[in-house]
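Note that this is a predicted model, so its numbers are computed, not measured. Convention: sequence-line order gives letters A, B, ...; per-chain numbering from 1.
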Amino acid sequence: MLQKPRGTRDFLPDEMEARRAVEWRLREVARRWGYREVCTPEFEDLELFTMRSGEGIIGEMYVFEDKGGRKLALRPEITAAVIRMYINEAKVAPKPLRWCYYADCFRYERPQKGRYRQFWQFGVELIGADSAIADAEVIMLASDMLNATGVRYDLKVGHLSFVKNLLKDVEPEIQRKIRAQLDKKDFEGLNLTLDSMNKPDLAESLTTLVACQDLNEAFEIAGAIPERERIEQTMGYLDAAKVKYSLNLGIARGLDYYTGIVFEGFADNLGAENQILGGGVYRLAHLFGGDDVASCGFAIGFDRVMVSLGESAGKKDTVAAIVCTPEARNRALDVAKAFRSAGIRTEMDLMGRGFGQQLAHAAKSAAFAVIIGQREVESSEVTLKNLQSGEQKTITLDAAVAEVVASGSRG
RNA sequence: GCCAGGGUAGGGUAGUCUGGUUAUCCUAAGGGGCUGUGGAUCCCUCGACCCGGGUUCAAAUCUCGGCCCUGGCCCCA
């Protein structure tokens with residue numbers, strides 16, 4: 001039998017409904033903040049991604065050549081494409097641009113819990129606003145969106161200037177190494193690195209800084225930071241808005257184009273791949289030949305959110321099953337039409353089952369049975385049976401529809 | 001790329017150590033009886049040893065390779 005490609009998944013209706021429900025909660029929050037959805041191509045010029053992240057990522061992408069000999073790649077992330085689109089299509093649009101996306105991405109990596117080769121990201125990008133309140137808005141939105149999903153998480157907020165300032169006299173190569181070790185909280189390796197440089201007090205400052213939960217203290221450790229006022233303002237807005245976060249000034253976020261605030265979200269029940277959100281302030285547009293523009297954005301690892309939510313994610317659709325005798329089928333079709341017009345998922349027997357077996361099937365798949373037989377045809381009513389409680393009553397069609405609709409809005 | 005544990009009907013499983021009858025049980029699915037409560041009950045049916053090589057009279061079972069799954073390492077844009 002044919003298997004699906006490694007690291008991909010099939011989604012059956014139950015799971016799909018759960019995913020759509022969470023997806024729409026995210027969309028709805030983004031919409032309320034004014035972030036409008038955009039869509040970019042599933043594949044792009046390979047160059048777009050190597051310009052952003054370096055040649056090293058080719059090994060972790062789905063790269064192919066098309067029939068015209070173009071080097072293309074399935075998108076491994078969306079930010080680069082969104083910024084390309086901004087430069088191509090929207091450079092002169094009124095600022096700021098508030099955009100969001102929900103899209104699948106592809107990475108050629110070893111699958112494990114919460115990591116798949118095809119995975120979905122829900123992200124937002126705020127383009128062209130360069131202020132403390134802009135940074136704060138994006139973080140507040142991140143918090144709002146994660147809250148809407150119901151996932152349990154920790155939000156960590158940091159800023160690159162602190163570590164950068166402490167390391168300003170260190171060679172770039174070593175800087176990179178130290179930042180990676182701080183990000184991983186690999187203090188053993190960090191001490192080794194610093195020992196070899198003969199700077200014991202730097203180690204002290206760095207480890208204290210990473211653990212530091214107080215902004216003023218952090219400024220004392222890190223020394224004079226030009227962005228101090230903006231950082232204080234941003235954090236002030238977050239505190240005023242009662243955003244739940246903790247300070248983590250060790251966050252490195254891998255790549256060099258991040259310039260300021262950075263933040264990450266972690267689920268507490270996921271194992272090794274527990275990061276469910278990552279983002280920050282970055283400058284990327286100039287890489288793709290645009291004018292330099294400040295941007296801030298984040299992406300939510302949608303699949304990890306779903307794994308973290310587990311079984312709790314699902315909310316079942318209310319289903320009405322029409323149960324009828326063959327003679328009553330035309331009337332039953334009218335009844336079904338009325339239920340469907342009211343927005344109720346309504347199903348009829350297609351298997352030629354007898355009355356009893358229709359009901360038996362309904363009991364497994366529906367919340368209500370709507371019974372239409374000779375008696376109901378004659379009285380122009382329907383018998384509505386609540387399949388959970390077993391109660392039933394013969395009432396008008398309108399009353400039956402109203403009752404099913406009401407039960408759906410409760411659920 | 002590395003390490004560990006796995007892969008038996010649609011789902012869940014027994015059997016594997018110690019090779020040997022028609023591969024166990026639950027569930028789901030389909031057909032039939034019953035024809036206004038059948039979420040019951042009775043009868044019937046469908047359906048599996050991941051793939052390939054090796055050992056053997058004989059392989060789900062032992063062995064080698066591959067594929068895939070689960071978790072971890074690495075990486076994580």
Side-chain angles (χ1 to χ4, degrees), chain A residues 1-10 12 14 44 48-61 73-83 105-117 119 121 123 180 183-184 186 251-258 262 264 266 270-280 282 284 287 297-299 301 304 307 321 323-328 349-379 382-394:
Chain A
M1 200 166 50
L2 276 177
Q3 291 173 317
K4 61 189 179 303
R6 180 158 206 217
T8 63
R9 291 156 295 160
D10 293 319
L12 289 166
D14 280 348
E44 297 261 4
L48 177 69
F49 303 114
T50 54
M51 279 168 91
R52 181 193 188 203
S53 312
E55 300 285 326
I57 61 162
I58 292 178
E60 282 147 31
M61 281 196 290
L74 297 182
R75 58 187 176 199
E77 49 102 18
I78 309 288
T79 301
V82 167
I83 297 302
C105 304
F106 304 84
R107 292 183 192 175
Y108 192 86
E109 295 182 296
R110 175 85 171 70
Q112 53 187 273
K113 186 175 190 179
R115 175 190 279 186
Y116 309 97
R117 290 185 169 181
F119 60 96
Q121 288 192 334
D183 197 45
K184 256 188 288 186
D186 174 13
I251 297 176
R253 295 227 42 80
L255 296 175
D256 293 337
Y257 53 78
Y258 283 101
V262 286
E264 299 179 335
F266 297 90
L270 278 186
E273 300 291 328
N274 65 341
Q275 188 180 338
I276 56 172
L277 178 145
Y282 61 90
L284 198 53
L287 272 182
F298 64 84
R304 291 182 187 174
V307 173
V323 172
C324 69
T325 55
E327 300 74 29
D349 173 57
L350 305 173
M351 305 290 279
R353 288 189 170 109
F355 188 92
Q357 292 205 317
Q358 285 184 47
L359 205 57
H361 182 261
K364 281 179 266 185
S365 59
F368 292 90
V370 183
I371 298 168
I372 318 288
Q374 192 58 39
R375 295 205 290 265
E376 286 81 5
V377 171
E378 279 163 14
S379 68
V382 302
T383 297
L384 182 69
K385 176 167 181 144
N386 182 322
L387 292 166
Q388 264 107 57
S389 65
E391 289 168 37
Q392 72 175 49
K393 50 197 166 185
T394 300

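The side-chain contact (heavy atoms from CB on, under 4.5 Å) check on A:E264 picks up A:I251, A:R253, A:F266, A:Q275, with sequence neighbours excluded. Checked against salt bridge (charged side-chain N to carboxylate O under 4.0 Å, His left out), A:R6 has no partners two or more places apart in sequence or in another chain. With sequence neighbours left out, A:I57 forms a side-chain contact (heavy atoms from CB on, under 4.5 Å) with A:F49, A:S53, A:M61. Every residue meeting the salt bridge (charged side-chain N to carboxylate O under 4.0 Å, His left out) condition with A:E273, not counting sequence neighbours, appears here in chain and number order: A:R115, A:R304. For A:K184, the side-chain contact (heavy atoms from CB on, under 4.5 Å) partners two or more places apart in sequence, or in a different chain, are A:D186.
Look at A:R6 and you'll find a side-chain N or O under 4.0 angstrom from OP1 or OP2 of B:C69. Between A:Q112 and the phosphate of B:G71, there is no side-chain N or O to OP1/OP2 separation shorter than 4.0 Å.
Here A:I58 contributes atom CD1 and A:Y108 contributes atom OH; the two are 15.5 Å apart, rounded to the nearest 0.5 Å.
Applying the side chain to side chain donor-acceptor pair (under 3.5 Å) test to every pair with at least one member in residues 382-391 of chain A, sequence neighbours left out, gives these pairs: A:E376-A:T383, A:T383-A:T394.
Along RNA chain B, the nucleotide nearest to A:T8 and the one nearest to A:N386 differ in position, and the one closer to the 5' end is contacted by A:N386.
Across all strands, A:E60 comes closer than 4.0 Å to base atoms (heavy-atom distances). Across all strands, A:Q388 comes closer than 4.0 Å to base atoms (heavy-atom distances). Within the nucleic acid shown, A:G280 has no heavy atom closer than 4.0 Å to any nucleic acid atom. Across all strands, A:Q358 comes closer than 4.0 Å to no nucleic acid atom at all (heavy-atom distances).
Proximity note for A:A272 (side chain, C-beta onward) versus B:C75, B:G71, B:C73: the nearest is B:C73.
B:A29 and B:A48 are spaced 15 Å apart, taking the C1' atom of each and rounding to whole Å. On the P atoms, B:G6 is 28 Å away from B:A58, given to the nearest whole Å. Rounded to whole Å, the C1' atom of B:U37 lies 47 Å from the corresponding atom of B:U21. Separation of the P atoms belonging to B:A23 and B:A9 is 15 Å when rounded to the nearest angstrom. Rounded to whole Å, the separation between the P atoms of B:G12 and B:G71 comes to 15 Å. Nucleotides B:A14 and B:G53, compared at atom P, are 29 Å apart to the nearest Å. On the P atoms, B:C17 is 15 Å away from B:C50, given to the nearest whole Å. Separation of the C1' atoms belonging to B:C43 and B:C51 is 39 Å when rounded to the nearest angstrom.
If you measure from atom CG of A:L270 to atom C1' of B:G72, you get 15 Å, rounded to the nearest angstrom. Rounded to an integer number of Å, the gap from NZ of A:K4 to P of B:G10 is 14 Å. Distance A:L287 CG to B:A77 C1': 13 Å, rounded to the nearest Å. In this structure, A:E55 atom CD and B:A77 atom P are separated by 18 Å, rounded to whole Å. If you measure from atom CG of A:D10 to atom P of B:C68, you get 15 Å, rounded to the nearest angstrom. In this structure, the CZ atom of A:R107 is 17 Å from the P atom of B:C74, given to the nearest Å. The distance between atom CG of A:D183 and atom C1' of B:A77, rounded to the nearest whole Å, is 13 Å. Per the geometry, CD belonging to A:E273 stands 13 Å off P belonging to B:U70, to the nearest Å.
Judged by distance alone with a 3.5 Å cut-off, a donor-acceptor contact links the side chain of A:R115 to the base of B:C75.
Using modelled atom types, no side-chain atom of A:R75 and backbone atom of A:F106 make a donor-acceptor pair closer than 3.5 Å.
Nucleotide B:A59 forms no Watson-Crick or G-U wobble pair with any nucleotide shown, as no partner meets the under 3.5 Å limit on both distances. With both pairing distances under 3.5 Å, B:G1 is matched to B:C73 as a Watson-Crick or G-U wobble pair. Pair check for B:C68 finds B:G6; Watson-Crick or G-U wobble, both atom distances under 3.5 Å. In this structure, B:U41 forms a base pair with B:G33, meeting either the Watson-Crick or the G-U wobble geometry with both donor-acceptor distances under 3.5 Å.
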Is there any protein nitrogen or oxygen under 3.5 Å from a nitrogen or oxygen in nucleotides 2-9 of chain B, and what are the pairs?
| residue | atom | partner | partner atom | Å |
| --- | --- | --- | --- | --- |
| B:C2 | N4 | A:R110 | NE | 3.1 |
| B:C3 | N4 | A:R110 | NH2 | 3.4 |

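Classification of B:G7 as anti follows from a glycosidic angle more than 90° from 0.
Taking the side chain as every heavy atom from C-beta outward, A:K113 and A:V307 approach each other to under 4.5 Å. In this structure, the side chains of A:I372 and A:V382 come closer than 4.5 Å at one or more pairs of heavy atoms.
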Check the pair A:L287, A:I83 against side chain to side chain contact (heavy atoms under 4.5 Å, CB included), reporting the backbone distance first and the verdict last.
CA-CA 10 Å; A:L287 272 182; A:I83 297 302; over 6 Å; no
Distance-only check: which donor-acceptor pairs under 3.5 Å involve side-chain atoms of residues 355-365 of chain A, not counting sequence neighbours?
| residue | atom | partner | partner atom | Å |
| --- | --- | --- | --- | --- |
| A:Q358 | OE1 | A:C324 | N | 3.0 |
| A:Q358 | NE2 | A:C324 | O | 2.9 |
| A:Q358 | NE2 | A:R353 | O | 3.1 |
| A:S365 | OG | A:H361 | O | 3.1 |

So if I define the base as every atom that isn't primed, P, OP1 or OP2, how would nucleotides 28-37 of chain B read as a B/S/- string at a heavy-atom cutoff under 4.0 Å?
-SSS----BB
